[in-house]
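In what follows, a single structure is set out as structure tokens and then discussed.
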Amino acid sequence: MTYQPELSVLKDGNAVASTAARVIAAHIEDSPAAVLGLATGRTPLAVYADLRGRVARGELSFDGVRCFSLDEYQGLPPGHPASYHSYMCRELFDHVDIRQDDWHLPDGTADDLAAAGAGYEAAIRHAGGVDLQLLGIGENGHIGFNEPGAPFESRTREVALAASTIRANASEFPPGDTPPTHALTMGIGTILEARRILLLATGSRKAKAVAAMMTGPIDPAVPASALRLHPAVTILCDAEAASCLSGDECG
């Protein structure tokens, strides 16, 4: 069975971030032991800023919340400034009252990445599964680091990154550092097991991917199109990211 995601087109990226933060905060307030799946990259930065501000003002608590991040680069130590371990600490975990044992990332430095992926899957199952999964979308339609062609039934595993993804993320690395070519990521099958999914998209560079996700074939060539197989998906995007949804020619 296929479903049509709930789509909200908002004025700008700030509105997308504040709306997403309200959704996440409301979910935590309703379920203080919520299990969250968290995205990385540039799109959620303002969301995490909003959430840590709510905690600082005493409006929200992460005490009892459990978090599983989507992905991590292969081979980057946790302390590397471009690792997603560093990212999540810098943007959220170091600023909220979450217990250290309650946040998790894939281990991209493991000697046996297949075992690390299986262990991550087991940890998610042990937590009772993800209640709310936050996602971004890549320009090529990827979710997590599931690049075009990723099987819809895929689980947490090692993946090769597309050249376009490596280029898009290169600015996150210190000058002279070569970005990794591989990562460990939750699979599409893992993502689809979340009870609710919230995807954010901002900017004109995401417009074609949003249109392909929403109106194109449901096909591994556009990994995000798998979200139309899930009954509880909300997409928040700004007007630029929605600009190819009108049916007109999109350049």
Side-chain angles (χ1 to χ4, degrees), residues 1-10 16 19-20 22-24 26-27 30-31 34-41 43-44 47 68-71 117 120-121 124-125 128-157 159 162 164-165 185-250:
M1 182 177 291
T2 61
Y3 304 89
Q4 191 62 29
E6 176 187 350
L7 174 67
S8 293
V9 180
L10 304 170
V16 169
T19 302
R22 284 198 300 272
V23 170
I24 295 168
H27 188 86
D30 289 343
S31 303
V35 179
L36 303 180
L38 297 180
T40 49
T43 302
V47 179
F68 289 87
S69 293
L70 271 173
D71 39 38
Y120 204 63
E121 293 282 328
I124 293 171
R125 289 194 300 271
V130 172
D131 297 311
L132 176 62
Q133 176 67 59
L134 180 66
L135 296 175
I137 183 171
E139 292 179 44
N140 63 2
H142 73 227
I143 48 177
F145 274 139
N146 294 284
E147 302 284 16
F152 285 174
E153 68 274 14
S154 56
R155 315 303 301 190
T156 303
R157 71 210 186 284
V159 294
S164 60
T165 299
T185 186
M186 281 190 199
I188 295 175
T190 314
I191 291 168
L192 291 179
E193 287 180 353
R195 296 175 183 87
R196 183 180 179 190
I197 295 173
L198 181 65
L199 182 141
L200 315 182
T202 58
S204 59
R205 292 171 62 180
K206 301 297 178 72
K208 288 185 178 180
V210 169
M213 170 180 63
M214 294 288 290
T215 65
I218 298 175
D219 190 287
V222 181
S225 68
L227 299 181
R228 284 155 56 197
L229 302 174
H230 194 289
V233 176
T234 299
I235 297 170
L236 305 177
C237 62
D238 63 10
E240 289 186 345
S243 61
C244 291
L245 290 171
S246 63
D248 297 332
E249 184 78 15
C250 188

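Sequential numbering from 1 along the given sequence is applied to the chain's residues. The structure presented is a predicted model; accordingly, all values stated were derived computationally and were not measured.
Between T19 and S8, the closest side-chain pair of non-hydrogen atoms is not below 4.5 Å. Annotation: side chain of Q4 is in contact with side chain of M214 (closest heavy-atom distance under 4.5 Å). Looking only at side-chain heavy atoms (C-beta outward), L7 and C237 come within less than 4.5 Å of each other. Contact annotation: the side chain of T40 approaches that of D71 to within less than 4.5 Å [non-hydrogen atoms, C-beta and beyond]. Between S225 and F152 there is a side-chain heavy-atom pair separated by less than 4.5 Å. Contact annotation: the side chain of V130 never approaches that of L36 to less than 4.5 Å [non-hydrogen atoms, C-beta and beyond]. For the pair T185/R157, a side-chain contact is recorded, criterion being any heavy-atom separation below 4.5 Å from C-beta on. Between L227 and L192, some side-chain heavy-atom pair lies under the 4.5 Å cut-off.
Considering CG of L198 and CG of L236, their distance stands at 5.0 Å, rounded to 0.5 Å. A distance of 9.0 Å separates CD in E139 from OG in S204, rounded to the nearest 0.5 Å. Separating the NZ atom in K208 from the CG atom in N140 is a distance of 13.0 Å, to the nearest 0.5 Å. With values rounded to the nearest 0.5 angstrom, L134 atom CG is found 12.0 Å from H27 atom NE2. For the atom pair CG (L200) and OG1 (T202), the distance works out to 8.0 Å, reported to the nearest 0.5 Å. Residue E6 holds its CD atom at 4.0 Å from OG1 of T234, rounded to the nearest 0.5 Å.
Closest approach of N146 to G187, counting heavy atoms only: OD1-CA, 3.6 Å. Between A150 and P220, the shortest heavy-atom contact is O-CB, 3.6 Å. What you find for I143 and P223 is that their closest heavy atoms are CD1-O, 4.0 Å. When all heavy atoms are compared, the tightest approach of A209 to G138 is CB-O, 3.4 Å. When all heavy atoms are compared, the tightest approach of Y120 to S69 is OH-O, 2.7 Å.
In terms of modelled atom types and a separation under 3.5 Å, the side chain of D238 and the main chain of A241 share a donor-acceptor contact. A donor-acceptor pair under 3.5 Å is formed between the side chain of S154 and the backbone N or O of I188. Side chain of R228 to main chain of M213: a donor-acceptor pair is present (N/O by atom type, distance under 3.5 Å, no hydrogens or angles). Listed for the H230 side chain is a donor-acceptor partner under 3.5 Å among the backbone atoms of A194.
Under 3.5 Å, the side chains of E147 and T165 contain a donor-acceptor pair of N or O atoms.
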Next on the checklist: Working note: I191 + L70, criterion side-chain contact (heavy atoms from CB on, under 4.5 Å); need CA distance, chi angles, decisive distance, verdict.
Outcome noted: CA-CA 9 Å; I191 291 168; L70 271 173; 4.0 Å; yes

Item to check | Audit row: V23, R196, side-chain contact (heavy atoms from CB on, under 4.5 Å) steps and yes/no | outcome: CA-CA 11 Å; V23 170; R196 183 180 179 190; 3.7 Å; yes

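Ion pairing between E193 and R155 holds under the 4.0 Å rule for side-chain N and carboxylate O.
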